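Reading through the structure tokens given below for one structure.
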2 protein chains.
Amino acid sequence: MGDEISQPAKPRISRRGRGSTTLADVAREAGVSPMTVSRVVNGEPNVVAETRQKVQAIIRSLSYVPNPAARSLAGGHQLRIALLHSNPSAAYLSELLLGSLAEAGACNVELTLEPCFGAEKAAVLVARLVNHRIDAVLLPPPLCEDPALLQALQDAAMPMVQIATGKTALFAHAVSIDDEAAAHAMTVRLIGQGHRRIGFIAGDSNQTSSGLRRLGYERALSEADIALDPSLIAAGDFTYRSGLAAAERLLTCEHPPTAIFASNDDMAAASLAVAHKFGLDVPRDLSICGFDDTAMATTIWPELTTIRQPIAEMAQQAIRMLTEAARARLSGQEDAPRKELFDFALISRGSDGAPPRS
Amino acid sequence: MGDEISQPAKPRISRRGRGSTTLADVAREAGVSPMTVSRVVNGEPNVVAETRQKVQAIIRSLSYVPNPAARSLAGGHQLRIALLHSNPSAAYLSELLLGSLAEAGACNVELTLEPCFGAEKAAVLVARLVNHRIDAVLLPPPLCEDPALLQALQDAAMPMVQIATGKTALFAHAVSIDDEAAAHAMTVRLIGQGHRRIGFIAGDSNQTSSGLRRLGYERALSEADIALDPSLIAAGDFTYRSGLAAAERLLTCEHPPTAIFASNDDMAAASLAVAHKFGLDVPRDLSICGFDDTAMATTIWPELTTIRQPIAEMAQQAIRMLTEAARARLSGQEDAPRKELFDFALISRGSDGAPPRS
DNA sequence: TTCTGTCATGGTAGCGCTATCTTGCAATCA
DNA sequence: TGATTGCAAGATAGCGCTACCATGACAGAA
């Protein structure tokens, strides 16, 4: 029995870990095997209702939370989804990030960011993604309409989802709102308020959503039997500055409109500035509506009536689609690209109203 | 030899995993033990230079990337840092998110988001954090100045860092810029351009940075021997609307200023709107400067000269501080709160210039 | 009854990495 | 000279979970 004398006192109880409750603790407490607990946690079938409930009760009483690291290690691998972004100050980015991050946590996928600026060739970027073991990518605007990038991604068989695009690629998933319907709704609202001369500031002609918004505007007009007046349509490119010029043109034309519907909030804000310069009161003398519900819409005064996209929800759904697609791809299945349309919301604020009597 | 007949063909080669290169692969290739590779990867000492280089070469040639899940599982546990946020549309949020996410990836910590709205009691929120096994929190404005929250966090001994606060708590880490110095620099610039009557729009008096910015303005004036004129200081609360009223007051007073320095970009943008309403050309008739360099600064026309905080870098440093603090706390050490000041940048754009001759 | 299925559950073996201990060997000490 | 250090490197044992069988029980089919 000489081997009982002071050995280096093996620390058998614990070494690492914060002593947080584990699946094994739950199993012991519930008197079942770890596997059964695992099945319950993952909502798998083949567990009798009674057992399931017992286990769930113990889980709750121990406030057990699965360890994601162990899960992804044992589960084969964790998915990595990259969010490509080209414009760090874009208004939608934080909402997008918020939505995708929340869902990424829930799906146990790792979300990484990949800055993506023009200088770099699409092929090089995609090679980097593959090297970083990215399983799928999230493509916010304007990246989601870059043909070279889309093609390179497709060549690498990388699952992807286009966010808020007007032009969905055949092979990509997409989440968006119906731009045409939204513009239509806004125009209908204006018509309903009594406006007959409604100015429209178009967006950048390179982005497909611009055309869609314009189509919605035109359809509403024609449905209300209002003749389309080309002098009421001004070109813009989504920038404040272009909105300034467009609004100025619209308000100085022979028969100025009683309302301006700008294709985004920046240009609507510019219209507001021009209106004020001309001594026009908004909405008394002129109604102004925007599109996108960016921070700008509530910053300025009066606050903008505008269209809101449910960016956070869209991001959430996008992550889900990618998770499925990536898992399908890994198991060799085909995964047909889905296009999901979300409901937009017309946010009514103080920048529009009935046209002046005159 | 009967046991050679068709057994269920044990899949011994692989079951899971994408076959990506592992630490063991590197070890085999380099002819060393896995532990040595681990030491090299983690930059630990006690590896002879020659071995280290050989291993590093193999790592590169195999383009090996450590599996973070396995790492945190084996390493005891992964840190979880929560980013508390109360305002999803705040301009700084996406930059903050970008910076912290990038650093979180590098430090192998999990970043989670915790929405945090007024209705909820601070104690309840903190209890939830503890329950979610959050190890540390990131506190962006305006949360970073909420005394109840700070206190509750402190009671839970939760490491925290205040981002861009004017009022650092004793027990918290903090990353910020020197608001006073920044406002001073901007005012000096304006004085250097020849302005003598410089209007100032103050920020919300509840936020400490407001006072600091005002102090910087006043110091620059007094250093230039310009008497402080109370009629040139207007109250604001960081909203566009308050900026509208303040600018209107400033521009309609008896001796209007030739420049307006607003305590943030929103109020500067409002000042610009008021100036245009009064038919003033910016910067010819009136110079306008902002603070924060939000998206608004480059949206409007002319673009705003303003002060930029390196939010992304600050976030990065914040994550690093929290990682250290949390690890220190877990190993029972004290961790003295550090306050780090970052360099701001004065961004020169088109909204300011020499005062009019008259 | 005996043979299949089917289904709830358990056992075993890792996932890829790191903590901890141990070994081997040279430099240093008594 | 042997005992002691110091340090590089290896061996071992899990971290917490899940994939993949294996098992046993009980149903219906033969």
Side-chain angles (χ1 to χ4, degrees), chain A residues 7-28 30-55 59 62 64-78 108 133 327 330-331, chain B residues 7-28 30-55 59 62 64-78 108 133 327 330-331:
Chain A
Q7 294 168 340
K10 292 186 180 172
R12 56 184 48 205
I13 302 299
S14 92
R15 206 173 66 196
R16 293 163 284 184
R18 267 183 297 180
S20 50
T21 57
T22 72
L23 184 143
D25 297 332
V26 176
R28 202 175 316 114
V32 299
S33 80
M35 261 329 287
T36 303
V37 179
S38 173
R39 290 195 181 98
V40 171
V41 170
N42 294 295
E44 277 169 36
N46 295 353
V47 178
V48 105
E50 191 192 355
T51 312
R52 186 182 298 271
Q53 278 163 22
K54 185 175 60 182
V55 170
I59 287 177
L62 262 47
Y64 162 73
V65 183
N67 177 329
R71 231 181 199 188
S72 57
L73 184 56
H77 71 268
Q78 187 176 28
N108 189 31
R133 302 204 211 141
R327 293 206 203 285
L330 286 173
S331 57
Chain B
Q7 293 167 342
K10 291 188 181 173
R12 54 186 49 207
I13 303 300
S14 91
R15 205 174 66 199
R16 293 163 283 184
R18 266 182 299 177
S20 50
T21 57
T22 72
L23 184 143
D25 297 332
V26 177
R28 201 175 318 115
V32 299
S33 80
M35 256 334 284
T36 303
V37 179
S38 173
R39 290 194 181 99
V40 171
V41 169
N42 293 295
E44 277 170 36
N46 295 354
V47 177
V48 106
E50 190 193 353
T51 313
R52 186 180 299 272
Q53 276 163 22
K54 184 175 59 181
V55 171
I59 287 178
L62 261 48
Y64 162 73
V65 183
N67 177 330
R71 230 180 200 189
S72 57
L73 184 57
H77 73 270
Q78 185 175 30
N108 189 29
R133 304 205 208 139
R327 293 206 203 284
L330 287 173
S331 57

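Each chain gets a letter, A, B and so on, in the order its sequence line appears, and its residues count up from 1. For clarity, every value in this text was computed on a predicted model and none was experimentally measured.
Between atom OG1 of residue A/Thr22 and atom CG of residue A/Asn67 there is a gap of 9.5 Å, rounded to the nearest 0.5 Å. Note that NZ of B/Lys54 is 9.0 Å distant from OG1 of B/Thr36, once rounded to the nearest 0.5 Å.
Within 4.0 Å (heavy atoms only), B/Pro66 reaches sugar-phosphate atoms of the nucleic acid but no base atom. Nucleic acid contact for A/Val32: sugar-phosphate only, since backbone atoms but no base atoms lie under 4.0 Å from a heavy atom of the residue.
Summarising the geometry, the separation between CZ on A/Arg71 and P on D/dC15 is reported as 19 Å, rounded to the nearest angstrom. What separates CG of B/Asn67 from P of C/dG16 is a distance of 7 Å, to the nearest Å. Following rounding to the nearest Å, A/Arg39 (CZ) and C/dA8 (P) show an atom-to-atom distance of 10 Å. D/dC15 atom P lies 11 Å from atom CG of A/Asp25, rounded to whole Å. Computed from coordinates, the B/Lys54 NZ to D/dA8 P distance equals 15 Å when rounded to whole Å. The nearest whole Å value for the distance from the CG atom in B/Leu23 to the C1' atom in C/dC15 is 13 Å. Counting to the nearest Å, the P atom of D/dG16 and the CG atom of A/Asn42 are 17 Å from each other. Counting to the nearest Å, the P atom of D/dC17 and the CD1 atom of A/Ile59 are 10 Å from each other.
Here A/Thr51 does not reach the OP1 or OP2 of C/dA8: none of its side-chain N or O atoms lies under 4.0 Å away. The shortest distance between the side-chain N/O atoms of A/Ser38 and the OP1/OP2 oxygens of D/dT18 is below 4.0 Å. Residue A/Asn46 places none of its side-chain N or O atoms closer than 4.0 Å to OP1 or OP2 of C/dC7. A close approach under 4.0 Å does not occur between any side-chain nitrogen or oxygen of B/Ser33 and OP1 or OP2 of D/dA11.
Minimum atom distance to the side chain of B/Leu73 is reached by C/dG16, of the listed C/dG16, D/dG10, D/dT18. Nearest nucleotide to the side chain of A/Glu44, out of C/dG16, C/dG14, D/dA19: D/dA19.
Here the side chain of B/Ser72 pairs a donor or acceptor atom with the backbone of B/Pro68 at under 3.5 angstrom.
Here the side chains of A/Arg39 and A/Val32 are not in contact, with every heavy-atom distance at 4.5 Å or above.
Mapped onto DNA chain C by nearest heavy atom, B/Ala70 and B/Met35 fall at different nucleotides, with B/Ala70 at the one closer to the 5' end.
Of the residues listed (B/Leu23, B/Asp25, B/Val55), the one engaging B/Tyr64 in a side chain to side chain contact (heavy atoms under 4.5 Å, CB included) is B/Leu23, and it is the only one.
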